[in-house]
Protein chains: 2
Amino acid sequence: MKIKLVKASELKSEILKKLYYENALSCAELSTLFGRSLPIIMKAINELIEEGFVLEVGYAPSSGGRRPLTYAVKPDAMYIMAIAMDQLSTRITIVDLNNKPVAEVEMVELLLNNNAIALDKLIEYINAYILRTGIEKERILGIGIGMPGFVSAEQGINYSYLDAQGQSLNDYIFKATGLPAYVANDSSVIALAEQKFGVAKTQEEVMVINLGWGIGLGMIVKGEVFRGYDGFAGEFSHIPLFEDGALCICGKQGCLEAEASMLVVVEKAKEGIKQGRLSTLQSVINDPLKLMGDAIFEVAATGDPFVIELLSDAGYKIGKALAILIHIMNPKTIVLSGRGAKGGKIMMAPIQLALNKYCIPRLAANIEILISELGFDGEIIGAAVLVMENFNQEKLIINTKRIQMNT
Amino acid sequence: MKIKLVKASELKSEILKKLYYENALSCAELSTLFGRSLPIIMKAINELIEEGFVLEVGYAPSSGGRRPLTYAVKPDAMYIMAIAMDQLSTRITIVDLNNKPVAEVEMVELLLNNNAIALDKLIEYINAYILRTGIEKERILGIGIGMPGFVSAEQGINYSYLDAQGQSLNDYIFKATGLPAYVANDSSVIALAEQKFGVAKTQEEVMVINLGWGIGLGMIVKGEVFRGYDGFAGEFSHIPLFEDGALCICGKQGCLEAEASMLVVVEKAKEGIKQGRLSTLQSVINDPLKLMGDAIFEVAATGDPFVIELLSDAGYKIGKALAILIHIMNPKTIVLSGRGAKGGKIMMAPIQLALNKYCIPRLAANIEILISELGFDGEIIGAAVLVMENFNQEKLIINTKRIQMNT
DNA sequence: TAAACTTAATAAAATATTTTAATATGTTAC
DNA sequence: GTAACATATTAAAATATTTTATTAAGTTTA
């Protein structure tokens, strides 16, 4: 891993952050990682231990000499509230510094579209959840929220949903809950999760496709989430892709989303079955969207030909879009993630087919396409990561004081 | 501008680099820029003055207090050899640290395609040029070369042309000339020029379109050239854009390059005139490609309707491709650069038209489309910048010794 | 199994860097 | 036009950081 130079005054929080991501590291490793001398790292580590943020966790195997002591973050030193929203429902939980939920994940119905009270509802749920779990606010580092829409993480504004009268959602939620809050686009949050804790761990150039009711893209560039100038980079599913395609909710024609999202697959399935196509899906045709979505992947796994045909068609179209992405970004890895990652295995072949057709061979040659293992937890983990990404020395000091007061 | 933390041991070379880009800066500015204290900056500056790299260049206007002394790079402290190649011809020059040529720019015919001796010819030209100009090699910092093709700047390999039997071109040319050499894709080099010395100066998110015989893209992401994992990012002109388009040299159909490059415009002009279209271009229809290209922009400026129609058509198609790019990258600025930048003014309207049609309004709203002012010099300047980008403390020390020996 | 070689942790010494204070040089308001 | 304020430069003192040396712990080789 490449070394990252940090200001001396930010060293301790950066070490803590690193330990959160990397589980267990020795002083020598931290020393090279931050390009600073061992004594200074040891001093920082010892202070972090004394302050209750870090633990010794035994010796690493020897590499030919004395075995190094390794250190990890103390899981219950602080907690993080992680929230994953989609158009229809919102999941809320609180995790420890090992990303393990310390209270049950709660799922609530919360429609985002044309819902003026959605934001206040969200805040209600947040406050109620904290109250119910009995976790002291002082021990919660912050609230990370992944949400659909045009989100500027920098400004904390979602231009599509959750209007706070032009105010920053971060500020609004902070005022209403007393906890630092950070919002970001759901796909970018999932990309964070995949790069820090998923199949793309530590990779520098990764494109994460968020297969869901829509199709999102989270980009990792030079090892960091790339958001573009206004924060809207990765609007991948509304590029003009098909000459005379279906009409998209965005108002244009030929968008990827209107041709290959899970929503479209479900619609096509319903349509086909009505017109007499045989499929084991028949029994759930009148179920709500969410159940139908789950069912698609179940019957696909059992080999249902019609569903496989639909997923293959969607896969091929996604592959064509990926070809464009590859030409522009030349990533090392593409990750199929999000709710629809379950269908990744089936889509892999048609995606590869499309890449062969639409990519310059040299660009497609070394591309690695991976299927997420985080699955549905991706957005939750990413939301927690989002809070940690915003962690700094200032916040470390605040939390140090809190811990001291509590003991 | 955001601060850039550098290791203490790299401070002097980083200051020199900064002064090369910024012309004149005060110690206070450098101090905040590098996040280091004034005394240490002054020490470095004074050493650089003593070593002959930096000059005092007078006082900056006061901002309410004592006027700061400003410093600039000593233009003739070192020279840089800058080489701009295209498929047909190659320009060679040597510039000082103000990017001013210190010897006449030489243009030589050098076909890259299927030319096994192109590399050795290039080296011949380089050595001959240095010899002829009489500039001591010791004073030349290095050779920067922009070239078409699939170029991995990191590896120093051009996978399309100039084969060095799999060896790094950087090494090969170094061995043959005794000077450190750096190759990069022509479009990325032009992007460098635009961001350091052109209309996109100091901007962080810029897409530079290299309008030439082909259509290239150089990307500036987070303030740096973005090259992707293998170094091939920005292969923008071969994405599948048109359903049943013209056949492209890359073997595929519907590429932007096959529809809107200057080569295509020239071809279409010839074709049209043969078929009876009226145009002042008629007189040059049998001229070589290069002259015809120049003529296109000349007659366009005089209002030739046929040529304007051709350029508009190309512009619209480029606009459609830009729409895709904007969706993915969300840049602040797009620069039309390269040989064809002269036609930028005429293409601006059709490009904007296409953006209106193919972009989500929020993304297109704040886009700034600029026309390069560097023009044909862009690639030369970028090649010089390429050398400076690779400048570091080690090279500073080497050159310090050289200067000392010479005095 | 002991000697030679590695790597890690700790302490002391040597350097480097920043902070503070003092001085120099301008600008602005009255 | 001078007093009050603002910024720049220089020097000295206070901190911080790294380097080097030393001790400790483990592996490999003969």
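In what follows, chains carry the letters A, B, and so on, assigned in the order in which the sequence lines appear, proteins first and then strands, with residues in each chain numbered from 1.
- Once rounded to the nearest 0.5 Å, the distance linking CD of B:Glu56 with CD1 of B:Ile45 reads 9.5 Å.
- At distances below 3.5 Å, not a single donor-acceptor pair connects side-chain atoms of A:Glu204 with backbone N or O atoms of B:Tyr229.
- Inspection of the A:Tyr20 and A:Asn99 side chains reveals an N or O donor paired with an N or O acceptor under 3.5 Å.
- Using modelled atom types, no side-chain atom of A:Asp96 and backbone atom of A:Asp76 make a donor-acceptor pair closer than 3.5 Å.
- For the pair A:Lys17 and A:Phe391, the cation does not sit on the ring face, since its NZ or CZ is not both under 6.0 Å from the ring centre and inside 45° of the axis.
- Taking the centre and axis of the six-membered ring of B:Phe53, the NZ or CZ atom of B:Lys74 falls outside the cone set by 45° and 6.0 Å.
- Between the side chains of B:Glu194 and B:Ser372, a donor-acceptor pair is found at a separation under 3.5 Å.
- For the pair A:Tyr71 OH and C:dA8 P, the computed distance is 12 Å after rounding to whole Å.
- By the 4.5 Å heavy-atom criterion applied to side chains, B:Ile80 and B:Ile94 are not counted as neighbours.
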**Prompt:** Along nucleotides 14-30 of chain C, 5' to 3', which nucleotides get a B, which get an S, and which get a -, given that the test is a protein heavy-atom distance under 4.0 Å?
**Reply:** ---SBB----BBBS---
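- Atom pair A:Leu69:CG and C:dA9:C1' shows a separation of 9 Å (rounding to whole Å applied).
- Each end of the helix from C:dT1-D:dA30 to C:dC30-D:dG1 gets its own axis, taken as the rotation carrying the C1' atoms of four end pairs onto the next four within a five-pair window, and the two axes meet at 30° to the nearest 10 degrees.
- Here D:dT10 presents its C1' atom at 8 Å from CE of B:Met42, a figure rounded to the nearest Å.
- Between the CD atom of A:Glu56 and the C1' atom of C:dA9 there is a distance of 12 Å, given to the nearest Å.
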